[in-house]
Protein chains: 2
Amino acid sequence: MSLSSRRSDARANRERILAVAREALAADPEASIHSIAKAAGVGQGTLYRHFPTREALVLGVYREGIDDLVVLASSLLDEHRPMRAFRLWCRRFGEYAREKHGIAALIRSAMSERHFAETYSMMVDAVRRMMQACSDEGELSDPADPEDFLQALALFMQLATTADGLARSERLLDLAFRGLGARDGPEQTTAYGSKAGAPE
Amino acid sequence: MSLSSRRSDARANRERILAVAREALAADPEASIHSIAKAAGVGQGTLYRHFPTREALVLGVYREGIDDLVVLASSLLDEHRPMRAFRLWCRRFGEYAREKHGIAALIRSAMSERHFAETYSMMVDAVRRMMQACSDEGELSDPADPEDFLQALALFMQLATTADGLARSERLLDLAFRGLGARDGPEQTTAYGSKAGAPE
DNA sequence: ACCTGAACACCGTTCAAGT
DNA sequence: ACCTGAACACCGTTCAAGT
């Protein structure tokens, strides 16, 4: 029993570290490992046992939200015309990136990270599905590589730390959509009962 | 005379620091201040006397090249059709960014830096002039804010550290140009004798 | 006036020592 | 097996002391 209680302690430590890190990184994306370990009430060694590198910790913190985004892509595609779904998803992604400051840089670096490869490829697939749906519906005449577009999104979001930057990132997103040859679906179609105004 | 020789020594120090930093930062964009000071044969304090912060040093190193880019915009506009000039300039900017790794991040942060404000606004103006010329010639149907576009350029160039990233940054640049509604000028016009193939 | 370089307050990461 | 926290090798920056 001592073994399993040890292990459950370790498990609890891991969860506590994640919870503390989630909060600390939201408050300050450059919060130090020392401060996170201290706030979690563990030694730095313990933190490193669970997350062998700073990036691994950040990954652990953001993975959940990113998985949510992948799921969101599907449900938006079910509920809206493809282009509207795609745009809403990008907006949601932007909001998430603004909360969790580090995510944009993370997605950039995560491209090559082993441990994040699966989650990353699921994101790329989500973008691919949305883009494909838009193409199929003739709402997008000039599709690009989904991974390219995801990377562009992540880059734009690096700007969204200030109010000005946020506005700029949205304008650049519009520019990118124009680059894709996006034609917003026939909003006058009342079939979906969308008022086209208030999103969410 | 001791005063002026002091000052000329200081001046020489400054130049030497810049020269060494230029090389060191090209080799490793994260080269430390300590190592640069040592390589320049001065104490850290001396380096800090001339460049009160790391960013100031990086700024000093890159300013010359950036000024060159501003001048280049004008000469390209003289020699080529506007859209061709614009595209060539972006390519040249990309090459410069690949040599001097730090420049993309710099342009992002320099937006708000007092000491860089003048150089930065000259860059924005260069982009504005090229965009305007394209518009005037009907080669660009959907112009964007020049500063937005410059920031997008700087972001894309953050990708260009690897061969794959470079290719991606070029695809994203194409995407952005499509977003601007870029129509490449009538290349069949032989008036300029361009073979449209090999650039440079 | 200008320079030096030890020193400071950090950082991410490691590892001997404990339980 | 898991944890602790001092210690290491850095970093950018400062500042008393020299000339």
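No hydrogens, no waters, no symmetry mates; every other heavy atom, side chains included, goes into these values. Per chain, numbering begins at 1; letters A, B, ... match sequence-line order.
Under the rule for a salt bridge (charged side-chain N to carboxylate O under 4.0 Å, His left out), B:R14 has no partner lying at least two apart in sequence or in another chain. Scored by the salt bridge (charged side-chain N to carboxylate O under 4.0 Å, His left out) test, B:E147 finds A:R168 as partners (sequence neighbours excluded). Residues that satisfy the ring pair (Phe, Tyr, Trp, His ring centres under 6.0 Å) test with B:F177, not counting sequence neighbours, are B:F86, B:F149.
Neither B:F93 nor B:L166 shares a network with the other; the hydrophobic side chains, linked directly or stepwise wherever heavy atoms of I, L, V, M, F, W or Y lie under 4.5 Å apart, form separate groups for each.
Around CD of A:E23, the count of heavy atoms belonging to other residues, nucleotides or ligands within 6.0 Å does not exceed 12. By the neighbour-count criterion of 12 heavy atoms within 6.0 Å, atom CD of A:E15 is densely surrounded, having more than that number from other residues, nucleotides or ligands.
Evaluation of the side-chain hydrogen bond (donor to acceptor under 3.5 Å, both in side chains) test over residues 58-76 of chain B, restricted to residues two or more places apart or in two chains, returns B:R22-B:E64, B:R63-B:T119, B:S74-B:R129.
In DNA chain C, stems built from 3 or more consecutive Watson-Crick or G-U wobble pairs, each with both distances under 3.5 Å, span C:4-8 with D:12-16, C:12-16 with D:4-8.
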Report task. Verify side chain to side chain contact (heavy atoms under 4.5 Å, CB included) between B:L59 and B:F51, making sure each step is shown before the conclusion. Result -> CA-CA 9 Å; B:L59 235 53; B:F51 304 98; over 6 Å; no
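Atom P of nucleotide C:dA1 and atom CG of B:N13 are separated by 17 Å, given to the nearest angstrom. Between B:F51 atom CZ and D:dG12 atom P the separation is 15 Å, expressed in whole Å.
Applying a 4.0 Å cut-off to non-hydrogen atoms, the residues of residues 22-50 of chain B that approach DNA chain D are B:S32, B:I33, B:H34, B:Q44, B:G45, B:Y48, listed by residue number.
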